[in-house]
Amino acid sequence: KHLYPNAKFWVGPVIEEGFYYDIDLDDKVIKEDDLPIIEKEMKKISKDGKNIIRHELTKEEALNIFKDDEYKLELINKMDDCIISCYAQGDFTDLCRGPHVETVKELKYFKLLKFSGAYYKGDAKNKMLQRIYGVCFENEEDLKQHLDMLEDAKQRDHRKIGKDLEIYMTHELVGPGFPLWLPNGSVIRRQLENYILDKEIKLGYQHVYTPCIATTELYKTSGHWDHYQENMFPIMKIDEEELVLRPMNCPHHMLIYKNQLHSYRDLPIRIGELGADFRYESSGAVCGLERVRAMCQNDAHLFVRPDQIEDEFAKVVKLILDVYSDFNMKKYKFRLSLRDKNDTLKYFSDDEMWDKAEEKLRKVLNDLKLPYYEAIGEAAFYGPKLDVEVKTAIGHEITLSTCQLDFLLPEKFDLTYIDKDATKKRPVVIHRAILGTLDRFTAFLLEETKGILPVWLAPIQINIIPVNNEYHLEYSREIKKLLFEKGFRVEIDAREEKLGYRMRDSQTKKIPYTIIIGDKEKEAKQISYRHFGVQDTVNMDIVNFIDMVNYVITNKEIK
RNA sequence: GCCGAAAUAGCUCAGUAGGUAGAGCAACUGUUUCGUAAUCAGUAGGUCAUAGGUUUGAUUCCUACUUUCGGCUCCA
């Protein structure tokens, strides 16, 4: 207020990681150089040590005091005729429910971190306000610790790891949101693909390949044209046809189901695909592998009888839990995404169907005793869903897995099965993605592991370093050949460099096992290896080493 | 898409109040043959993102555009 006399204050809530304040500065915007200036002024105010005093006002009084501030007026007008509280410190007063600390003296250890525009009430149609973010702590040490933690998070950012370990790249000529997977990243992805396909095959899934492009008619039939068009790339016209890149695979899978007659005995039918999809993401939203415009979904559509919904849904939830435990993932949240009953535009109107579906999902979650929270208005247009959310290194909340119930698409595509009584019945579809997309899952994995991948996923699993090429290279090559033939991803570093130099390189690349071959190993017909991040060396016979690594791989051990 | 910021060697960055640029690492050559996180020395490497404009002269100032980053909105 001292620095910007015209400032109008909107809200300044406390958030998980500190606080922010939204301010209307007329046409002024906050620039990078302004933060230290504001910070200095805040320090001054804090030093001043004014008390923060609570005033209680009636609605009328409040309207009068803030009569020049349209933001406050709106806020006050929305309140009931109760007592309205204000807090004042020196010459500054703002509306607030409270409570507050007693004096600004208690607010010495803070730092303003970032600033940005933010839409008034979060709606892109409204005016953009200036938002300032910051953190505040009781003492200097806690503040420093927090800032260190932010620095650490930057090191875990998958975009940094992705570059350092040559997982993926991007290029201006390819375009934003279109990452290119490099050989190392492709090894990881191939392992993930094989892993999840194997899991699904064991659970009775059948996998298909379908094209990434289709006529607009397909999406008009499915309803996506009306509900999803803003996320799709524009139409391609050729000959007399209108084609689009697909944003999802469900319509294709509906048609595959429809290709045959199905008996009630055949259900559930589970059609899976690692399907490439294309979605228009706003340019400000794309982020490394985490948020892309061309992605590969670990998708499947389960066609079930109404009486099979709960059982099949529970199986999907169990698969999610099973997979997460394989990746040693512990921090995630289940979100039950429901419709907003008032939003008749987005959601098809059949209250009974919605209520029934939502109840079924709830029941399964309760039976499995899983903690979850409900989110109104987050459902897909065709049905409620369960999302699994995680937080990235830099604090983005993203959805990984999803499992969605759908009564609508079977209707739209007129899907049927022949029931016991020889009449046609409507199946229900469950859409689900366990790894979500391979792109996002890989991004998350890199951040979780800080790039130290479990052996089964590591692009290079074993690195062999001969102490002296003249004497040890030949034996090293024998070892390499043996390991390669056993199916391990193994390399040999025969550069004319010191052992220490090559060991450092091996560790920097986060290779799980580094084998050293010198006189001792050659004579004893053994190998010695060092595990990533561990100081000591272990000697053993090569057959034992192979058994050990195989064990670690098949059990997907983290270390 | 919106608000802000950034773009210099393969990577991380420095620099020029406007006179066409430097370091470390990587690469290459030589040196060292050395048992667990960097042997030493030299060489090479840049249309300073792109396109215009101002200027005697632009990597530096201005405009446009592209990409990236921090948020907002949106989502797997």
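Convention: sequence-line order gives letters A, B, ...; per-chain numbering from 1.
- Taking only side-chain nitrogens and oxygens, A:Tyr20 never comes nearer than 4.0 Å to OP1 or OP2 of B:rC72.
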query = Should A:Tyr219 and A:Tyr228 be marked as a ring pair (Phe, Tyr, Trp, His ring centres under 6.0 Å) after you check the CA-CA gap, both sets of side-chain angles, and the distance that decides it?
reply = CA-CA 9 Å; A:Tyr219 298 96; A:Tyr228 209 79; 9.2 Å; no
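- Between B:rG35, B:rA27, B:rA76, one nucleotide has an atom nearer to the side chain of A:Arg279 than all others, and that is B:rA76.
- Using a 4.0 Å heavy-atom cutoff across all strands shown, A:Phe441 reaches no nucleic acid atom at all.
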Here RNA chain B, pairs taken as Watson-Crick or G-U under 3.5 Å and shown with ( ), [ ] when crossing and | when to another strand, reads (((((((..((((........)))).((((.........))))......((((.......)))).)))))))....
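- Checked for salt-bridge contact, A:Lys341 and A:Glu358 miss the test: no charged N lies under 4.0 Å from a carboxylate O.
- The 12-atom threshold is exceeded at CZ of A:Arg156, counting heavy atoms of other residues, nucleotides or ligands nearer than 6.0 Å.
- The side chain of A:Lys154 places no N or O atom within less than 4.0 Å of a non-bridging phosphate oxygen (OP1 or OP2) of B:rC69.
- Here the separation of B:rG57 from B:rU20, taken at their P atoms, is 15 Å to the nearest Å.
- Side-chain to base pairing of A:Arg293 with B:rC75: no donor and acceptor N or O lie closer than 3.5 Å to each other.
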inquiry  = What verdict does the ring pair (Phe, Tyr, Trp, His ring centres under 6.0 Å) test give for A:Phe110 and A:Phe19, after you've listed the backbone C-alpha separation in whole Å, the side-chain angles of each residue and the deciding distance to 0.1 Å?
reply    = CA-CA 10 Å; A:Phe110 67 90; A:Phe19 60 87; 7.6 Å; no
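- Between B:rU31 and B:rA41, the distance separating the two P atoms is 16 Å to the nearest Å.
- For A:Arg504, taking side-chain heavy atoms from C-beta onward, the closest of the listed nucleotides B:rG71, B:rA37, B:rA76 is B:rA37.
- Contacts of residues 156-177 of chain A with RNA chain B (heavy atom under 4.0 Å): A:Arg159, A:Lys163, A:Glu172, A:Pro176.
- For the pair A:Lys127 NZ and B:rC3 C1', the interatomic distance rounds to 12 Å; values are reported in whole Å.
- Ring centers of A:Tyr332 and A:Phe444: at least 6.0 Å apart, outside the cut-off.
- Of the side-chain N and O atoms in A:Tyr501, none sit less than 4.0 angstrom from OP1 or OP2 of B:rG35.
- Residue A:Gly500 is in sugar-phosphate contact alone, with no base atom involved, counting any heavy-atom pair closer than 4.0 Å across all strands shown.
- In this entry the distance linking CD of A:Glu397 with P of B:rG71 reads 13 Å, nearest Å.
- Around the NZ atom of A:Lys111, the shell of radius 6.0 Å holds no more than 12 heavy atoms that belong to other residues, nucleotides or ligands.
- Nucleotides B:rC61 and B:rG19 place their C1' atoms 15 Å apart, quoted to the nearest Å.
- For the C1' atoms, the distance from B:rC48 to B:rG18 is 14 Å, rounded to whole Å.
- In this entry the distance linking NZ of A:Lys520 with C1' of B:rU36 reads 10 Å, nearest Å.
- Outside the 6.0 Å centre-distance limit, the rings of A:Phe407 and A:Trp354 are not counted as a close aromatic pair.
- If you take atom C1' in B:rU59 and the same atom in B:rG22, they sit 13 Å apart, rounded to whole Å.
- Between A:Gln507 and A:Asn469, the residue anchored nearer the 5' end of RNA chain B, judged by the nucleotide with its closest heavy atom, is A:Asn469.
- In this model, the phosphate group of B:rA27 is approached by a side-chain N or O of A:Arg495 to a distance below 4.0 Å at OP1 or OP2.
- Comparing B:rG1, B:rU36, B:rA76 against the side chain of A:Val292 picks out B:rA76 as the nearest.
- Nucleotides B:rC74 and B:rU55 place their C1' atoms 46 Å apart, quoted to the nearest Å.
- Between the side chain of A:Thr399 and the base of B:rA76 there is no donor-acceptor pair of N/O atoms closer than 3.5 Å.
- With rounding to whole Å, A:Glu230 atom CD is found 11 Å from B:rU73 atom C1'.
- A salt bridge links A:Lys144 with A:Asp148: the distance from a Lys NZ or Arg NE/NH1/NH2 to an Asp or Glu carboxylate oxygen falls below 4.0 Å.
- Contact check on A:Lys522 versus A:Glu474 returns no salt bridge, with no Lys/Arg side-chain nitrogen under 4.0 Å from an Asp/Glu carboxylate oxygen.
- The side chain of A:Ser282 places no N or O atom within less than 4.0 Å of a non-bridging phosphate oxygen (OP1 or OP2) of B:rU73.
- Atom-to-atom, CD of A:Glu497 to C1' of B:rU32 comes out at 10 Å; the value is rounded to the nearest Å.
- Comparing the same atom, C1', in B:rC13 and in B:rG53 gives a spacing of 30 Å after rounding to whole Å.
- Rounded to an integer number of Å, the gap from CG of A:Asn468 to P of B:rU36 is 14 Å.
- The phosphate of B:rA37 (OP1 or OP2) has a side-chain N or O of A:Arg530 nearer than 4.0 angstrom.
- Among the nucleotides B:rC75, B:rU73, B:rU36, the one closest to any side-chain atom of A:Ala285 is B:rU73.
- Salt bridge A:Arg339/A:Asp343: absent, no basic N to carboxylate O contact under 4.0 Å.
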* Asked: Yes or no on side-chain hydrogen bond (donor to acceptor under 3.5 Å, both in side chains) for A:Asp387 and A:Thr402, after CA distance, side-chain angles and deciding distance?
  -> CA-CA 4 Å; A:Asp387 293 318; A:Thr402 185; 2.8 Å; yes
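- Taking atom C1' on both B:rA51 and B:rC75, the two are 35 Å apart, rounded to the nearest angstrom.
- Panel note: side chain A:Ser528, backbone A:Asn539; no donor-acceptor pair is recorded below 3.5 Å.
- If you take CD of A:Glu290 and C1' of B:rU68, they are 15 Å apart, rounded to a whole angstrom.
- Applying the 3.5 Å distance criterion, the base of B:rG1 shares a donor-acceptor pair with the side chain of A:Tyr119.
- At a threshold of 4.0 angstrom between heavy atoms, the contacts of A:Glu281 include nucleobase atoms, whether or not backbone atoms are also involved.
- At a threshold of 4.0 angstrom between heavy atoms, the contacts of A:Asp519 include nucleobase atoms, whether or not backbone atoms are also involved.
- A:Glu496 places its CD atom 14 Å from the C1' atom of B:rU29, with the value rounded to the nearest Å.
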